[in-house]
Amino acid sequence: MSRPASPGAPSEAHNVLAITPFRRLWISLSLSSLGDWLSLLALISLAVVFTADGPHLARYLAVAGVVAVRLAPAVLLSPLAGPLADRLDRRWTMVVGDVLRALLYISIPVVGLLAPGSGLVWLFVASFLAEVVALLWTPAKDSAVPSLVPRKLLGQADKLVLFTTYGTAPVAALLFAALASVSNLLGALLPGMAKPEADIALYLNGLTFLVAAAVAAGLPIPSHRPGKDDESPTRDSRILASVWNRPRGAVGGPLLTGLTLGMLATVAAGGAVIGAGRLHAEALGAGNAGFGMLFAAVFGGMALGVVSGPRILKKLSRRRMFGVGAALAAFVLLPAGAVWDMVLTVFLVLALGVCAGVAWAAGLAVVARETEEEDRGAVHAHLNGTARLTLLLSAVLAPVAAGFVGDHALPVGPLTYDLRGTGVVLSVVGLLAAVAALVAHRQVNKGDPEAGPGLIPELFAALRGVAVPVEGTEEEKPTGAFIVLEGGEGAGKSTQVRELTVWLRDQGFEVVSTRQPGATKLGMRLRALLLDRENSHITPRAEALLYAADKADHVQQEILPALRRGAVVISDRYVDSTLAYQGAGRELDPDDIRRISDWATQGLVPDLTVLLDVRPEEGLARLGGAVDRIEAESAEFHNRVRKGFLDLARQDPERYLVLDAREPQEKVTREIRRRVRAFLPDPVPSNAEAVTGMIPVIRNN
Ligand SMILES: Nc1ncnc2c1ncn2[C@@H]1O[C@H](COP(=O)(O)OP(=O)(O)OP(=O)(O)O)[C@@H](O)[C@H]1O
Ligand SMILES: Cc1cn([C@H]2C[C@H](O)[C@@H](COP(=O)(O)O)O2)c(=O)[nH]c1=O
């Protein structure tokens, strides 16, 4: 049932993008990220062109040099740049930085055109200078975000910036591949360009920086440096320090070692493709278009994995998901380096990206779930720093190693196998990364609280979308059906629970109708405590835990025994109420709420959740009598709760039936019956009375 929100998910993004200055900054950052990725592809491609007539090794070293010049300054020099950047005016640092970078990138193709002999040297010098400027620009950007966004939306804003920083990579790669595929046409239209797609990409990059400069000039960014607490966690400084400083705290030990090793393995695999990709694509006869496709496959695959992995494998333990994702990402690089077909290589690299994305999403979920809030920043910084350093080393060393290995024709019986340096390096990196990932898998799975009977059955169960039972034996498996009615105050839940109970009993089923909170002895006391208006002192976290305590008691004592008997359990409210009221309403972290609710309910998820949707003021108006502590909350609170329910339903349309609760009561009842009938034995047996308590159907686990 629990599902972490994907970074920068649209529903989250919506709030923060409503802030006009942030929206403008975000658009300009997106444009310059797109341009930046385009220029990385273009520079690698130009380095190959400028060394085309030189010795074999020179091409490999030139590619490694471009990657080093682009990635190394941020990793190695950021501690020096940070203090200097802090003394400069933020807004003007951004504006001047953008203009300077625009001029530097545009100058690369211009020098290549006017003085071809100096093209390669200037490419290195200009790229290095642009990266140094970026070192001063980045802290200014990092501190611009907190000054444009209220504190409580800062997390969303940072996620969105991060999402765009990497999300633009596949778009840039596809654009580059498209430009490369019409290279001949561009060459005819624009004679004199060294490589038209690369030159155009660099001009485009220059243009995006000029637009970004114009936007930054109009932003209300204060010149002062924000306080330490206001700093965005995306801040880049102290990358190296964060790698060596292993965070202490709850996530230490084998788990942190496993997470670090697994991330290292996935990044090394992806980095090798980025570094060796251009020359490998050329060896496969695909040139720049092929390189663009490989680049798009790595990053597009990652985005796909991050978004879809946790959804498809939602029942799998996040630690298992991390280990399996990292291991598969590394393993597929082995054949990717060995096959001599561009299309197959792109598919294998796409698989690498997807598995790496799944591993990253799972790894971040593990960190979110298993670290204390105060340790989380240090853990993220450590993993992020390790990833950046590994990416740099892998992407730089891969082409150098490929150059030294060289290309060879190996006789295999009557045939010859073309052994290319890039292919050998990709396969070897795949092998080493796979070993690291297997060690990581063992480490992260030590003491996994969500571990089930074993990886293979858990994986199959997760692919079928069912949970593997953690507690209980085969005989104890619930065989009944679990239906929940959810919605805001006065939506008509109790009315519909009554209607459905009577109808199902008429069909001969054993029905247990119940509610949360307050179905057990303890629950009744908790309900009284929670709803008493005198108890205005209850803090949000305590409130969430009290609701969770009610659930733990209720599930253990009433719901599970009834489901094991084969009864239909109909509950007025369940976990989604906690997600909507305490998560959305009280604005507590939804991942925390899911975690405690999952634990309290032993992971029991309803077969069907009917959401009765009504505007809070209409629902509340239906209720007579005095209002309780929760009903008395503000209109904003109830609106957040309603939106929380609707978001949950949108994320899991198969489990949810959303009905307009303003419709006449009889119509709502009919709609619910129609949906419930769909998962009862059809036709309802004529001897239904006799089969009371045995619904063979309904549970799929
Ligand atoms: N579809 C409907 N249209 C109009 N009134 C309705 C509808 N369904 C129920 N009602 C009326 O609204 C009132 C509240 O209904 P009900 O107690 O079922 O809501 P609830 O969602 O269980 O409320 P609570 O938030 O207190 O749990 C009752 O008077 C009921 O008769
Ligand atoms: C289960 C659950 C409930 N609530 C809130 C929602 C309501 O305001 C009350 C329950 O009363 P009602 O009879 O359903 O009106 O408690 C909550 O905040 N969190 C929960 O998990």
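Counting starts at 1 for both ligands and their atoms, in listed order. Since we're looking at a predicted model, the values are computed, not measured. Every heavy atom of this structure was used, including side-chain atoms; hydrogens, water molecules and symmetry mates were not.
With ligand atoms numbered from 1 in the order given, ligand 2 contributes 17 (C), 18 (O), 19 (N), 20 (C), 21 (O) to contacts under 4.0 Å with heavy atoms of Q582. In the vicinity of I630, heavy-atom distances shorter than 4.0 Å reach the ligand 2 atoms 8 (O). Close contacts of ligand 1 with A661, meaning ligand atoms under 4.0 Å from a residue heavy atom, involve 1 (N), 2 (C). The K551 neighbourhood of ligand 2 comprises atoms 1 (C), 21 (O), with distances under 4.0 Å to a heavy atom of that residue. Close approach to Q516 involves these atoms of ligand 2, each under 4.0 Å from a residue heavy atom: 1 (C).
What you find for C355 and G325 is that their closest heavy atoms are CB-O, 3.3 Å. Across all their heavy atoms, V610 and L659 have their closest contact at CG1-CD1, 4.0 Å. Between L545 and I596, the shortest heavy-atom distance links the atoms CD2-CD1, 4.1 Å.
The side chain of L531, and not its backbone, has at least one atom closer than 4.0 Å to an atom of ligand 2 (non-hydrogen atoms only; side chain from C-beta on). Looking at L612 against ligand 1, nothing comes within 4.0 Å, counting heavy atoms.
D607 places a side-chain N or O within donor-acceptor distance of the main-chain N or O of F482, the cut-off being under 3.5 Å.
In the candidate list R662, Q496, R622, R622 is nearest to atom 3 (N) of ligand 1, counting heavy atoms. Of the candidates R573, E486, Q665, K493, K493 brings a heavy atom nearest to atom 21 (O) of ligand 1.
The protein atom (non-hydrogen) at minimum distance from atom 5 (C) of ligand 2 is Y547 OH, 3.2 Å. Closest protein heavy atom to atom 21 (O) of ligand 2: T578 OG1, 2.7 Å. Here the protein heavy atom with the shortest distance to atom 7 (C) of ligand 2 is E489 OE2, 3.5 Å. Given atom 10 (C) of ligand 2, the protein heavy atom at minimum distance is P517 CD, 3.7 Å. Protein heavy atom closest to atom 14 (O) of ligand 2, with residue, atom name and distance, is R573 NE, 2.5 Å. In terms of protein heavy-atom proximity, atom 13 (O) of ligand 2 is closest to R527 NH2, 2.8 Å.
The environment of R525 atom CZ is sparse: at most 12 non-hydrogen atoms of other residues, nucleotides or ligands sit within 6.0 angstrom.
Remark: ligand 1 and G492 share an N or O pair separated by less than 3.5 Å (distance only, no angle test). For ligand 1, one of its N or O atoms has an N or O atom of G490 under 3.5 Å away.
Within the 4.0 angstrom cut-off, atom 28 (C) of ligand 1 has no protein heavy-atom neighbours.
Assignment of A491 to the shell around ligand 1 is supported, since a heavy atom sits closer than 4.0 Å.
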**Prompt:** side chain to side chain contact (heavy atoms under 4.5 Å, CB included) between D532 and R629: does it pass, once the steps are laid out?
**Reply:** CA-CA 6 Å; D532 185 350; R629 191 178 67 91; over 6 Å; no
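The aromatic rings of H638 and Y581 sit perpendicular, their planes meeting at an angle over 60°, well past the 30° parallel limit.
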